[in-house]
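Taking it in order: structure first as structure tokens, then the write-up.
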Amino acid sequence: MTRPSIPKGTRDFTPEEMSRRNYIFDTIRSVFRLYGFQQIETPAMENLSTLLGKYGEEGDKLLFKILNSGDWLSSLSSDDMSYLTSNSASTLISEKGLRYDLTVPFARFVVQNRDKIQFPFRRYQIQPVWRADRPQKGRYREFYQCDVDVVGTDSLLCETELIQIVEEVYRRLGIRVCLHLNNRKILAGIAEILGEAERLTDITVAIDKLDKIGSEGVNQELLAKGLSEDTVNRLQPILNLQGDNGEKLGQLAYILKDSETGMKGIEETKEVLRLCKSAGVKLDIMLDISLARGLNYYTGAIFEVKALDVEMGSITGGGRYDNLTGIFGMPGVSGVGISFGADRIYDVLNQLNLYPEHSSEQTQLLFAHFGEAEREYCLTIANALRSKGINTEVYPDICKIKKQMNYADQKHIPFVAIVGSDEISSGTVMLKNMLTGEQQAVQSDSIAEIITL
RNA sequence: GUGGUCUUAGCUCAGUUGGCAGAGCAUCGGAUUGUGGUUCCGAGUGUCGUGGGUUCGAGCCCCACAUUCCACCCCA
């Protein structure tokens with residue numbers, strides 16, 4: 001018998017941790033609602049045909065696959081067995097997988113429920129996703145995403161609203177952040193004027209690492225991918241653009257003047273920044289040409305949010321995808337969305353110690369009692385308090401008051417109502433404030449006003 | 001997927017050249033039969049991650065696997 005354990009990269013959450021996590025989820029959810037987004041949920045598992053090929057080659061490898069139920073072995077002929085590889089076998093014995101993100105299942109949802117949806121469709125979704133990645137700090141195999149997307153419009157007002165949501169969520173959480181903004185069309189334009197339009201993915205993957213490995217490192221990686229030295233040299237000044245957002249856009253407009261796509265990207269970015277200004281956005285927005293983001297389906301604006309006071313990967317990211325539903329047979333639906341990484345936000349809040357003192361999940365009053373009759377006397381009073389919205393517990397066991405007090409102390413319950421035979425006969429409880437140590441006999445119907453003071 | 005690292009009581013960790021398994025905290029009981037957070041006294045707790053190997057003898061040495069954390073790859 002080995003001791004119990006949980007799979008690699010997964011976690012249990014204690015009541016304390018859940019209280020903190022719910023604070024994050026509630027904050028994010030209330031801001032989403034403020035902008036008119038409505039919640040949906042989708043299944044933990046999707047058909048593999050829905051998931052495969054949507055996240056690139058790497059993504060496919062990181063999918064958790066679910067073994068078919070029943071006697072899957074008997075469906076394999078001996079012929080199959082002889083030349084099976086573990087890769088080809090998986091398609092024969094597995095047809096479902098755990099979702100890898102919330103965006104692709106959402107695209108599937110939109111296509112499947114298009115008759116029930118009012119476009120533009122504003123949805124949010126807070127659910128776990130799974131990746132068969134190797135875990136490390138801030139990276140788990142099961143983690144939560146909080147996605148918010150608008151589909152069915154290509155209005156850049158949506159990008160602006162998402163930026164406003166980012167600003168408001170992090171203002172409420174008290175985390176100082178910087179939003180990095182870029183546009184896939186600008187990246188495509190750069191690849192185009194370099195004459196390497198078809199190498200867009202290689203180029204973006206490499207320059208995404210700019211702040212990590214420096215321009216020398218990027219150059220080496222691009223040369224290794226087979227780009228010419230001349231091309232790499234021409235990319236150099238683009239990566240090293242200086243100045244504020246307006247100045248960078250001006251220089252880019254000159255560089256990309258021969259690329260229609262690139263110029264479109266610049267126009268879009270200008271418009272988003274202009275709308276943000278009109279909307280009164282104060283958030284620190286930085287045009288960052290090196291921001292690429294891995295997922296291949298982005299086609300317009302892309303964003304990433306980083307905490308200023310903590311060393312951590314991005315805590316929020318997203319972008320516009322023009323044709324995500326196209327792969328499911330519903331072309332021409334443009335969408336834009338972002339995803340808040342709840343687990344990383346949790347780590348950031350912990351490191352900065354930014355949690356609010358009191359939690360609505362905390363028990364406010366514990367009834368401690370001396371025996372069976374006293375315990376029953378507590379039940380009616382406890383119910384009356386609960387109906388007034390006060391979180392109330394009655395200690396379940398008949399045992400020493402010391403033990404019951406200790407329980408309240410450990411659980412940080414601020415008030416204890418002690419009930420003995422004296423209290424029963426006078427219709428009172430001995431109400432003790434655990435913080436100050438003061439106690440007084442109070443009529444049972446005035447407990448509520450005293451502890452809500 | 002590649003390379004490295006960690007694992008000993010519920011928790012955090014000591015453990016010497018290979019020779020009886022340790023501490024602090026927590027828990028439980030008592031000092032105190034109607035009062036917690038401070039104090040004092042007492043008690044219990046181990047498949048030393050799992051499986052194999054070397055040895056008279058392994059927590060310690062060797063191999064495999066799992067796990068933790070880290071750097072790549074990639075990403076929230």
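The figures that follow rest on heavy atoms only: side chains count, while hydrogens, waters and symmetry mates do not. The sequence lines fix the lettering, A, B, ..., with proteins before strands; numbering per chain opens at 1.
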Please check if the distance between the ring centroids of A:Tyr407 and A:Tyr395 is under 6.0 Å.
yes

Rounded interatomic separation in angstrom, taking CG from A:Asp133 and C1' from B:rC69
14 Å

Just wondering, do A:Phe370 and B:rG34 stack (centres under 5.5 Å, planes under 30°)?
no

Could you state the interatomic distance from CG (A:Leu291) to CG (A:Leu210), rounded to the nearest 0.5 Å?
11.5 Å

Looking only at side chains, do A:Glu423 and A:Thr428 share a donor and an acceptor under 3.5 Å apart?
no

Is a donor-acceptor contact shorter than 3.5 angstrom present between the side chain of A:Lys432 and the base of B:rU35?
yes

Select one nucleotide: of B:rU2, B:rG36, B:rA76, the one nearest the side-chain heavy atoms of A:Arg134.
B:rU2

Under 4.0 Å, counting only non-hydrogen atoms across every strand here, what does A:Gly9 touch: a base, just sugar-phosphate, or nothing?
sugar-phosphate

Measure from the side chain of A:Lys212, starting at C-beta and using heavy atoms only, and say which of B:rU35, B:rC75, B:rG36 lies closest.
B:rC75

Check the distance between B:rC28's P and A:Asn406's CG and give it to me in whole angstrom.
7 Å

Can you tell me, in whole Å, how much space there is between the C1' of B:rG15 and that of B:rG51?
24 Å

Spacing between A:Leu365 atom CG and B:rU35 atom C1', to the nearest angstrom
15 Å

Polar pair under 3.5 Å, donor/acceptor by atom type, side chain A:Asp409, base B:rG37
no

State whether A:Tyr144 and A:Arg21 meet the cation-pi test: NZ (Lys) or CZ (Arg) under 6.0 Å from the six-membered ring centroid, and within 45° of the perpendicular axis.
yes

Inter-nucleotide P distance (B:rG10, B:rC75), Å rounded:
41 Å

Quick check on B:rA71: is either OP1 or OP2 less than 4.0 Å from any side-chain nitrogen or oxygen of A:Gln136?
yes

Base, sugar-phosphate alone, or nothing: which one does A:Asp343 contact when heavy atoms must sit under 4.0 Å apart?
nothing

Check every strand shown and say whether A:Lys209 touches a base, only sugar-phosphate, or nothing at a heavy-atom separation below 4.0 Å.
sugar-phosphate

When the P atoms of B:rA21 and B:rG57 are compared, how many Å lie between them, rounded to an integer?
16 Å

So A:Ser314, base contact, sugar-phosphate only, or nothing? Heavy-atom distance under 4.0 Å.
sugar-phosphate

Dot-bracket for RNA chain B, 5' to 3', counting Watson-Crick or G-U wobble pairs under 3.5 Å, with [ ] for crossing pairs and | for inter-strand pairs?
((((..(..((((.....[..)))).(((((.......))))).....(((((..]....))))))..))))....

What is the distance, to the nearest angstrom, from the CG atom on A:Asp347 to the P atom on B:rC75?
20 Å

For A:Gly56, report the nucleic acid contact type (base, sugar-phosphate, nothing); a contact means any heavy atom under 4.0 Å.
nothing

Rounded to the nearest 0.5 Å, what separation is found between the NZ atom of A:Lys388 and the CD1 atom of A:Ile451?
10.0 Å

What's the gap between B:rG18 and B:rA71 when it is taken at their P atoms, as a whole Å value?
33 Å

Taking the same atom, C1', in B:rC20 and in B:rU33, what whole-Å distance lies between them?
44 Å

Taking the side chain of A:Met430 as its heavy atoms from C-beta onward, which of B:rA76, B:rC73, B:rU35 lies nearest to it?
B:rU35

Whole-Å distance between B:rU38 P and A:Met405 CE?
14 Å

So is A:Arg122 actually on top of A:Phe37's ring, under 6.0 Å and inside 45° of the axis?
yes

Need one value for A:Leu102: base, sugar-phosphate or nothing, where a base atom within 4.0 Å counts as base even if backbone is also close, heavy atoms only.
nothing

With A:Leu273 as partner, the option from A:Ile163, A:Leu181, A:Leu287, A:Leu156 fulfilling side chain to side chain contact (heavy atoms under 4.5 Å, CB included) is A:Leu181

Using a cut-off of 4.0 Å on non-hydrogen atoms, how would the nucleic acid contact of A:Val205 be classed: base, sugar-phosphate, or nothing?
sugar-phosphate

May I have the distance from A:Asp208 (atom CG) to B:rC74 (atom C1'), rounded to whole angstrom?
10 Å

Ignoring hydrogens and geometry beyond distance, is the side chain of A:Gln439 in donor-acceptor contact with the base of B:rU35 at under 3.5 Å?
yes

How far, in whole Å, is B:rU2 from B:rU55 if one measures between their P atoms?
33 Å

Could you give the distance separating B:rG34 and B:rC28 at their C1' atoms, to the nearest angstrom?
22 Å

Using the ring pair (Phe, Tyr, Trp, His ring centres under 6.0 Å) rule, collect all pairs that involve residues 420-453 of chain A, keeping only residues at least two apart or in two chains.
none

Between B:rC75 (C1') and A:Gln145 (CD): distance, integer Å
10 Å

Quick check on B:rG30: is either OP1 or OP2 less than 4.0 Å from any side-chain nitrogen or oxygen of A:Lys400?
yes

In whole angstroms, how far is the C1' atom of B:rA76 from the CZ atom of A:Phe303?
16 Å

Cationic tip of A:Arg131 within the cone over A:Tyr100's six-membered ring, i.e. under 6.0 Å and within 45° of the normal?
yes

Closest-nucleotide ordering on RNA chain B, the 5'-leading residue of A:Tyr140 and A:Lys8:
A:Lys8

What distance, rounded to whole Å, do you find between the two P atoms, one in B:rG52 and one in B:rC48?
13 Å

Return the nearest nucleotide to the side chain of A:Asp422; candidates are B:rG36, B:rG34, B:rC74.
B:rG34

Any side-chain donor near an acceptor of the partner, A:Asp322 and A:Tyr298, under 3.5 Å:
no

Would you mind classifying the nucleic acid contact of A:Phe340 as base, sugar-phosphate or nothing, using non-hydrogen atoms under 4.0 angstrom?
nothing

With a non-hydrogen cut-off below 4.0 angstrom, is A:Glu423 in contact with a base, only sugar-phosphate, or nothing?
base

